[in-house]
Amino acid sequence: MLQESNLKQVFGTPKCMKKDFRFTYCPGCDHGVATRLVAELIDEFGLKEKTISSTCVGCSVFLYNFIDIDCIEAPHGRACASATGVKRAQPDKFVFTYQGDGDFASIGLAESMHTALRGEKITSICINNTTYGMTGGQLGPTSIMGQRTTTSPNGRNKEYYGYPIKVAEQIALCDGTAYSARVALDTVAHINQAKQALKKAFEVQLNGLGFGFVEILSSCPTNWKMSPEQAHERVREEMIPVFPLGVFKDVTAEGGNK
Ligand code: SF4
C-alpha cells in the first residue's frame, strides 16, 4: 500500500492561477484549456511578476479573473492597441493579448493588422470559435460558409455575408510578424501542439523579434447548441478543413520567413 510520503504530485493548477479562481466559462468550453496553457507557460518562463495582459470584450475578458497577473481590459477590439502602449512604455514587461475572433478580426481588425505591420514586440492569442460567444452567437468574421447563427438563420452565404477571414494567414503576410500559427484544442495531440505554438509566440517576444500570433480553433458548445464532444467533432470535421492547422510564418525557422 502506498504511503502518503511516497506520493508525488504529477498534475496540478499552474502556480500563477489565482488561489480561489473558479472558471466561469461554460462547461466544455475550450477557453479553459487555452487559459491553462497560457498560465503554464507563464510559470515555465518565470514571467508572473513581469507579465501584463490586455484582454477585450467577450468571453475572453475573464482571463483576468483566473491568472494572477496585471491586466488591462481594453475597449472592444482595441487590445492590440492598448498592448502596444503598454509595451512601448514598459519594454521590459512581457505583454500579451487574449481575444476572441470577433474582437481581434472584426471590431479590432485594423488595430490587430497594424500592430503586426509595426512589428510590435507583443504576443497575441485569438480564440476562433466562429461566432460572437458572449453576446449570443451572432455571425462573426470567421463563421464558415453555411453556418447558421442568430444573425444568419439561413446560413452564411457569399452573396449576403461574404467569406470568412483566415486570420493566421493574413497576419503572416504582415512584414512585422515574427511568428504566426493556427492550432486546435480538440484532441490531446492538438493541445500539445497548441502549447508548442504558444511557447514559440512567447519566445519571439522574449527575443525581441517582432509580433507573435497564435490563432486557436476553439469550441463554443453553448452557442453551437452541442455537447462538448459534438463541439470537438465540429472543430475536426467542419473548422479544420476551412482553417488548416500549421505555422504560416516563423522568422526563426531555417531560411527565415516560413
Ligand atoms: Fe465558451 Fe461559448 Fe460559453 Fe463563451 S459562450 S464561455 S465561448 S462556450
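Whatever order the structure lists them in is the order used to number ligands and atoms, beginning at 1.
- Inside a sphere of radius 2.8 Å centred on atom 4 (Fe) of ligand 1, the protein N/O/S atoms present are Cys59 SG.
- Side-chain contact annotation: Asn128 with Thr142, donor-acceptor N/O pair under 3.5 Å present.
- Checking Thr252 against Lys200 by side-chain atom types alone, a donor-acceptor pair falls below 3.5 Å.
- Ring pair Phe66/Tyr25 is perpendicular by interplanar angle, where above 60° counts as perpendicular and below 30° as parallel.
- Linking ILVMFWY side-chain heavy atoms closer than 4.5 Å, directly or via other members, places Leu47 and Met17 in a single hydrophobic cluster.
- Partners of Arg156 according to the salt bridge (charged side-chain N to carboxylate O under 4.0 Å, His left out) rule, which considers only residues two or more places apart in sequence or in another chain, do not exist here.
- Remark: the Lys50 side chain and the Gln90 side chain contain no N/O donor-acceptor pair separated by less than 3.5 Å.
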